[in-house]
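The shown structure was predicted, so the numbers you read here are calculated from the model rather than taken from an experiment. No hydrogens, no waters, no symmetry mates; every other heavy atom, side chains included, goes into these values.
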Amino acid sequence: MSRTEQLTRRKGTEATRIRSRGRWLALSVLVLAVLLVAVDATVLGLATPSLSEDLKPSGTQLLWIGDIYSFVIAGLLVSMGSLGDRVGRKKLLLVGATAFGALSVLNAYATSPEMMIVARALLGVAGATLMPSTLALIRNIFHDPKERSLAIGIWGATASAGAAVGPVVGGALLQHFYWGSVFLINLPVMLVLVLVGIKLLPESKNPVAGPWDLVSVALSLVGVIGVVYAVKEAASHGPTWQVWAAAVIGAGALYAFVRRQFTLAAPLLDMRLFKHRGFSAAVLADLLTVFGLSGLLFFLSQFLQLVQGREPLEAGLAELPAAIGAVVTGLAAGRYARRYSVRSVVSGGLLVIGLSLAVLTVIHKESGYPLLGAALLVVGLGAGFSFTVTADVILSSVPKEQAGSASAVSETAYELGAALGIAILGSVVTGVYRGFTAPASVPAPIAGAAHESLGGAVEAAKSVDPATAQTMVGAAQEAFVDGLRLASGVGAAVLLATAVTAWFLLKGQRLQDGVGH
């Protein structure tokens, strides 16, 4: 080999090494965005008791504070994923991250339940720009399928780590500061993301995406929010005329959205993606898995604090096993899916989550932490396997030019499942909770406030004598645990059914092994 050839090869190897290093540095920026969203989602549960004491929301307002973020984000994810394909995923990510940080300040200084609900909704608009952009950029940065699987594993593990960091850091803040401080922790993460992302992230977009259809954007938003609102209100108050109206409007808008996509030369969402069985199965698995988990985990933080009397930091640390388990299996999920099969890893993960939720149907007020900790650890292990592989299947099923749309569908399923889970399973908990009997000596206004939420009962108890307060709070706690057990059973049934469904729908599905272009 001549010296010229040796120098050429050496330069080529060096360039490859630099490009490889750049890919992983870019990934480090993307996972900051994931961390931003994950931390925001998990700290709210810990802050709920303090928030309830300060803002005094009703039970319905408390549910809206918990799920309006997911409602809005679910309604806009497809639109934002498509927008990123058109204007540039890096540009959308950085603009969204800046807005997310600014709106976190608005959330931190909300002065009423109504203001908090609006602030959470606006935060959902900004959040909708982040998650599809991160996954789409991963699809375009990592062309080798095995590298991409590892990158997706790191992406998912970071989301789980955020779920761990959020409660711990949030709990530490709540020990010393007011509840709004849990939103202010978004600011330093956002600042690093924007400053470093400007330098490291490559821009990518679909060069033939066509115009952004605003009519489709409106139909998607109205459709998703209308249907989810109808489900939420039906679960809470029964099939009233308002529920039927919202359901008809939402379903009609979604039907019109789908019909319109088939007529557009450049659709907001290419409906042909759903003809791929693996893609559709992975999306369905994500939606039902998050449905089974989210409502339960939203109320678990309240159980740890308001029933078992743990401090916020202690409650945050108690939830760590779920995140640890998800990090461990998320990093290895792609390798196991190639060694065995996609359906065995996804179905197995869903199965162990369902069994763990079934175990939680026997918890009671005095349940020891070993039972809760073990159940949470197994839930995390199963989620790490399932979510990582389904994300890989979804991204591998489409050309990289459509990565934004595909990522948006994946994230929409996730957020829609979270919204429905909090709405339906949360309504199960609330419905059972409101059936408790307050002592006869408690005045009607105080008893009414106590029946709104468990946090409301703790606050209302300060207005009566200590003996009556202890009796009322004890009855409220028992009712809350009864509701939590029933919600755990519903979640377990959903997860076990999803495991069986995924086993059949993912038959023959494989992750790519070679270098894909």
Atom pairs and distances, donor-acceptor, side-chain atoms in residues 121-128, under 3.5 Å, two or more places apart:
none

How about Phe480 and Phe303: are their ring centres within less than 6.0 Å of each other? no
If the condition is side-chain contact (heavy atoms from CB on, under 4.5 Å), which residues does Ala337 pass it with, not counting sequence neighbours? Val342, Val345, Val389, Leu511
Checking Thr361 side chain against Gly489 main chain: does a donor-acceptor pair fall under 3.5 Å? no
Listed by chain and number, what are the side-chain contact (heavy atoms from CB on, under 4.5 Å) partners of Ala318, not counting sequence neighbours? Leu304, Tyr369
Between Leu92 and Met80, the two heavy atoms sitting closest are CD2-O, 3.2 Å
Does any N or O in the side chain of Asn107 come within less than 3.5 Å of the main-chain N or O of Ala119, such that one atom is a donor and the other an acceptor? yes
Close side-chain approach of Leu496 and Leu355, heavy atoms under 4.5 Å: yes
With side chains defined as the heavy atoms from C-beta onward, is the minimum distance between Glu478 and Lys365 less than 4.5 Å? yes
Tell me every residue that passes side-chain contact (heavy atoms from CB on, under 4.5 Å) with Ile141, counting only those two or more places apart in sequence or in another chain. Arg23, Ala26, Leu30, Leu137, Pro202
Looking at side-chain heavy atoms only, is the closest gap between Leu360 and Leu372 below 4.5 Å? yes
Hey, are the side chains of Ser104 and Leu184 touching, using non-hydrogen atoms and a 4.5 Å cut-off? no
Which atom pair, heavy atoms only, marks the closest approach of Leu495 to Gly354? CB-CA, 3.6 Å
ring-ring contact (aromatic ring centres under 6.0 Å, His included): which pairs involve residues 490-510, sequence neighbours left out? none
Exercise: identify the closest heavy-atom pair between Ile68 and Arg120: CG2-CB, 3.4 Å
Hey, is the main chain of Leu94 close enough, under 3.5 Å, to the side chain of Thr98 for a donor-acceptor pair? yes
May I have all residue pairs that pass ring-ring contact (aromatic ring centres under 6.0 Å, His included) and include part of residues 318-368, sequence neighbours excluded? Tyr336-Phe385
Under the side chain to side chain donor-acceptor pair (under 3.5 Å) rule, collect the residues that match up with Ser220, sequence neighbours excluded. none
Specify the closest pair of heavy atoms between Leu357 and Val379, including all atoms of both residues, with the distance to one decimal. CD2-CG2, 4.4 Å
Any idea which heavy atoms bring Val227 and Ala251 closest together, and the distance? CG2-N, 3.7 Å
With sequence neighbours left out, write down each residue that passes side chain to side chain donor-acceptor pair (under 3.5 Å) with Arg485, or none if nothing qualifies. Asp482
Kindly write out the residues that satisfy side chain to side chain donor-acceptor pair (under 3.5 Å) with Lys507, not counting sequence neighbours, or none if the list is empty. none
Using a distance-only test with no angle check, is there a side-chain donor-acceptor pair under 3.5 angstrom linking Thr501 and Thr498? no
Mind checking what makes side-chain contact (heavy atoms from CB on, under 4.5 Å) contact with Val359, not counting sequence neighbours? Leu371
In Å and rounded to the nearest 0.5 Å, what is the CZ to CG distance from Phe279 to Leu505? 14.0 Å
Who are the ring pair (Phe, Tyr, Trp, His ring centres under 6.0 Å) partners of Tyr433, not counting sequence neighbours? Phe436
Could you tell me the separation between the OG atom of Ser386 and the CG atom of Leu351, rounded to the nearest 0.5 Å? 11.5 Å
On a heavy-atom basis, the closest approach of Ala110 and Met116 is CB-SD, 3.7 Å
